[in-house]
Every structure is written in structure tokens, then in C-alpha cells.
Undergrad: 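I am attaching a structure below and will ask some questions about it afterwards.
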2 protein chains.
Amino acid sequence: MDNRAVEKATNAISDKYRLGILQALAQKGCMTNTDVQELTGLSQPCVSHHVKLLTDSGLVEARKEGRNLHLRLNKEALHELTTFLNGLL
Amino acid sequence: MDNRAVEKATNAISDKYRLGILQALAQKGCMTNTDVQELTGLSQPCVSHHVKLLTDSGLVEARKEGRNLHLRLNKEALHELTTFLNGLL
DNA sequence: TCTAAACATTTAAAAGTTTGAATGTTTTTC
DNA sequence: GAAAAACATTCAAACTTTTAAATGTTTAGA
């Protein structure tokens, strides 16, 4: 994982709503954008935007299932991030 | 470590210059603001600002030594962060 | 096929961040 | 004490992010 990827991943985490989404995914395993809308209370376009940041960062994987977008944690990416950060210790 | 602390810590990391500072601290052990100025090429007020973000996040500890500000990694805080993130796995 | 549901995109306003010039404070050195 | 070095603070400009309204696209179901 290079510096740019770390910057993007930590940036993705550094927001109240996005961290909440990651925690919900960690707990539930899978969610759709609509679930995220209910979770956060944000507007649909705003949820789309936050989810895009998360997927662009690599921390979340999205697959289209009919008209739903199924989201799940990318545990490998998260593990790479913690490995990088532990490397600073 | 609560969510707010994670948001602040990851936000602190999510910048090119601040990540560079963290890496330099990890490597060298200790630096002053002047060292950071040389490292980054940023102006002195801008360095002051970035260093403040890092210390406010808890990831960096600063102690005033005469007219110099000695910076070092707060390894415990960094460890708490990685522990939190691993908790999502 | 018509309707509705789920999500994406465009746009624009509001809020927040980054940057350096100017200036202030404290500490060291001469 | 005067000069300089190290850092902090204030300020304003430039830039980025966040947000939702409006609208577009695709898919599912009647």
C-alpha cells in the first residue's frame, strides 16, 4: 500500500458518516445505499457521494445486484492499512 | 478510543505532508518544526498549522525545548488507532 | 408498458481546509 | 540590551468538501 492509498483510505475513514458506515458494515456484513440512507439520515445523492468515496478508497466493495448496490467491507484493504500504520511503530 | 478520536487521527494522517511528517518521525524519532519546514518545503506558518493538527489528533507529542518544538510519535495513540481499525475486521 | 424503486449525475450553495504574508512572542546569543 | 532564531497567531485568498434539489438511468413489478 503506497502513501497515496493510505491518504485516500484514512481520508475515507475521517468522516462521521463514513466511519459509521464502516462500523455498520463490520457489524452487519452487507448493506445497500438505501440502508445507508436510513442509517445516516442523509439525502440519497449525499449517500451516493459518501459511498463512492469509500469504494474509491478501496475500503468498501460494491456490487450491483438488480437495482440495489450491495456494499461490504474490503477486509484485505483494511488489513493493509493497519499493517502500514503498524509499520510506523 | 472513541469515534471522534478516530476521525481526528485518520484526518491527521490523510494529508500528503502530514503523512510524510509521521513517516519522518517514525524513521528519525524526533524532529523540530524547522526540520519539518526543510522536509516539506512549506512556509513556517503552514508547518505550524500541520503540526498542530497532528498534535491535536494525539498522534504526535510536542514538548517545547527552549525555542524549539520537539516532536515525536505518540506510539500508544497510533497503536490505539490500529487496534480500533482491526476491530472492524 | 406503466409505475415505482434504487442509484448516479449535475449543479450550486455553504462550510471547511490549505496556504503564505504580516506580525507577535519567547528564547538564545552577541 | 539588540539582533536573530524558532515558533504562534491573524488574516485573506484559493481551493476542496459537503450537502441537497433537480434530473437522468436502470431495473423490478403490476
Side-chain angles (χ1 to χ4, degrees), chain A residues 3-25 28-74, chain B residues 3-25 28-74:
Chain A
N3 276 24
R4 191 71 198 89
V6 172
E7 287 156 32
K8 284 178 79 166
T10 51
N11 178 63
I13 299 170
S14 71
D15 171 86
K16 175 167 72 161
Y17 296 114
R18 295 193 297 264
L19 178 53
I21 294 167
L22 292 171
Q23 288 177 311
L25 285 175
K28 295 182 208 292
C30 184
M31 293 175 87
T32 66
N33 270 15
T34 303
D35 295 332
V36 173
Q37 229 173 122
E38 277 165 29
L39 175 74
T40 59
L42 291 170
S43 70
Q44 179 268 314
C46 196
V47 166
S48 244
H49 170 251
H50 283 298
V51 166
K52 186 161 170 21
L53 275 179
L54 285 166
T55 55
D56 285 355
S57 79
L59 291 176
V60 167
E61 281 190 346
R63 64 172 209 289
K64 201 90 187 213
E65 189 91 5
R67 50 187 175 182
N68 302 298
L69 192 68
H70 285 258
L71 306 171
R72 66 171 193 75
L73 266 187
N74 183 342
Chain B
N3 276 25
R4 191 71 198 88
V6 171
E7 286 156 34
K8 285 178 79 166
T10 50
N11 178 64
I13 299 169
S14 72
D15 171 87
K16 175 168 70 161
Y17 295 114
R18 295 193 297 265
L19 179 53
I21 295 168
L22 292 171
Q23 286 177 313
L25 285 175
K28 295 183 209 292
C30 185
M31 292 175 88
T32 66
N33 269 16
T34 302
D35 295 333
V36 173
Q37 229 173 121
E38 278 166 30
L39 175 74
T40 60
L42 291 170
S43 69
Q44 178 268 313
C46 195
V47 166
S48 245
H49 169 252
H50 283 297
V51 166
K52 186 161 171 20
L53 275 178
L54 284 167
T55 54
D56 285 357
S57 79
L59 291 176
V60 167
E61 281 190 346
R63 63 173 209 288
K64 200 90 187 213
E65 190 90 6
R67 53 188 173 180
N68 302 299
L69 192 67
H70 285 259
L71 306 171
R72 65 172 194 75
L73 266 188
N74 183 342

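Computed from heavy atoms alone, side chains included, the values below leave out hydrogens, waters and symmetry copies. Bear in mind the structure is a predicted one, so any value in this text is a computation, not a measurement.
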Undergrad: Could you tell me how far apart B/D56 (CG) and C/dT17 (P) are, to the nearest whole angstrom?
TA: 12 Å

Undergrad: Over how many whole Å does the gap from B/N68 atom CG to D/dA5 atom P extend?
TA: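 B/N68 atom CG is separated from D/dA5 atom P by 13 Å.
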
Undergrad: In whole angstrom, what separates B/Q37's CD from C/dG20's P?
TA: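 Checked: the CD to P distance equals 10 Å.
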
Undergrad: Could you give the CZ-to-P distance, from B/R63 to C/dT26, as a whole number of Å?
TA: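 B/R63 atom CZ is separated from C/dT26 atom P by 21 Å.
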
Undergrad: For the pair made of OH in B/Y17 and P in C/dG20, what is the distance, rounded to whole Å?
TA: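 Value for this atom pair: 8 Å.
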
Undergrad: Where each residue is assigned the nucleotide of DNA chain C containing its nearest heavy atom, which of B/P45 and B/L53 is assigned the position nearer the 5′ end?
TA: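 The residue whose closest nucleotide sits nearer the 5' end is B/L53.
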
Undergrad: Report yes if a side-chain nitrogen or oxygen of A/N11 is closer than 4.0 Å to either non-bridging phosphate oxygen (OP1 or OP2) of D/dT16; otherwise report no.
TA: no

Undergrad: Quick one: closest heavy-atom pair of A/I13 and B/V6, and the distance?
TA: CG2-CG1, 4.1 Å

Undergrad: Output the rounded distance in Å from CG (A/L69) to P (D/dA28).
TA: 14 Å

Undergrad: Between A/K52, A/E38, A/Q37, which is the residue that forms a side chain to side chain contact (heavy atoms under 4.5 Å, CB included) with A/V47?
TA: A/Q37

Undergrad: Any idea which of C/dT18, D/dA8, D/dT19 is nearest the A/C46 side chain?
TA: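 Out of C/dT18, D/dA8, D/dT19, the nucleotide with an atom closest to A/C46's side chain is D/dT19.
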
Undergrad: So which one's nearest nucleotide on DNA chain D is more toward 5', A/E65 or A/D15?
TA: A/D15

Undergrad: Kindly say if A/S48 contacts the phosphate of C/dA8, meaning a side-chain N or O under 4.0 Å from OP1 or OP2.
TA: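 Yes, A/S48 has a side-chain N/O under 4.0 Å of OP1/OP2 on C/dA8.
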
Undergrad: Pick base, sugar-phosphate or nothing for B/H50, based on heavy-atom distances below 4.0 Å to the nucleic acid.
TA: sugar-phosphate

Undergrad: Go nucleotide by nucleotide along DNA chain D from the 5' end; which of A/G66 and A/G41 gets its closest nucleotide reached first?
TA: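 Of the two residues, A/G41 wins.
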
Undergrad: Identify the two heavy atoms, one from A/S57 and one from A/A9, that lie closest to each other, and give their separation to 0.1 Å.
TA: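 Smallest interatomic distance, heavy atoms only, reads CB-CA, 4.0 Å.
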
Undergrad: According to a strict under-4.0 Å criterion, is A/T34 in side-chain N/O contact with OP1 or OP2 of C/dC7?
TA: yes

Undergrad: For A/L71, report the nucleic acid contact type (base, sugar-phosphate, nothing); a contact means any heavy atom under 4.0 Å.
TA: nothing

Undergrad: Can you say whether a donor on the side chain of A/Q44 sits under 3.5 Å from an acceptor on the base of C/dA8, or the other way round?
TA: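 Indeed there is one.
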
Undergrad: What is the distance, to the nearest angstrom, from the NZ atom on B/K8 to the P atom on C/dG16?
TA: 15 Å

Undergrad: Just so I know, are the side chains of B/N33 and B/L71 near enough to count as touching, which here means a heavy-atom distance under 4.5 Å?
TA: yes

Undergrad: Let me know the distance between CD of B/E38 and C1' of D/dC7, rounded to the nearest Å.
TA: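 Atom-to-atom, B/E38 to D/dC7, this comes out as 15 Å.
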
Undergrad: If you measure from the Lys or Arg side-chain nitrogens to the Asp or Glu carboxylate oxygens, is any gap between B/E65 and B/R63 under 4.0 Å?
TA: yes

Undergrad: For D/dA8, does OP1 or OP2 lie under 4.0 Å from any side-chain N or O of B/R67?
TA: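 No, B/R67 has no side-chain N/O under 4.0 Å of OP1/OP2 on D/dA8.
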
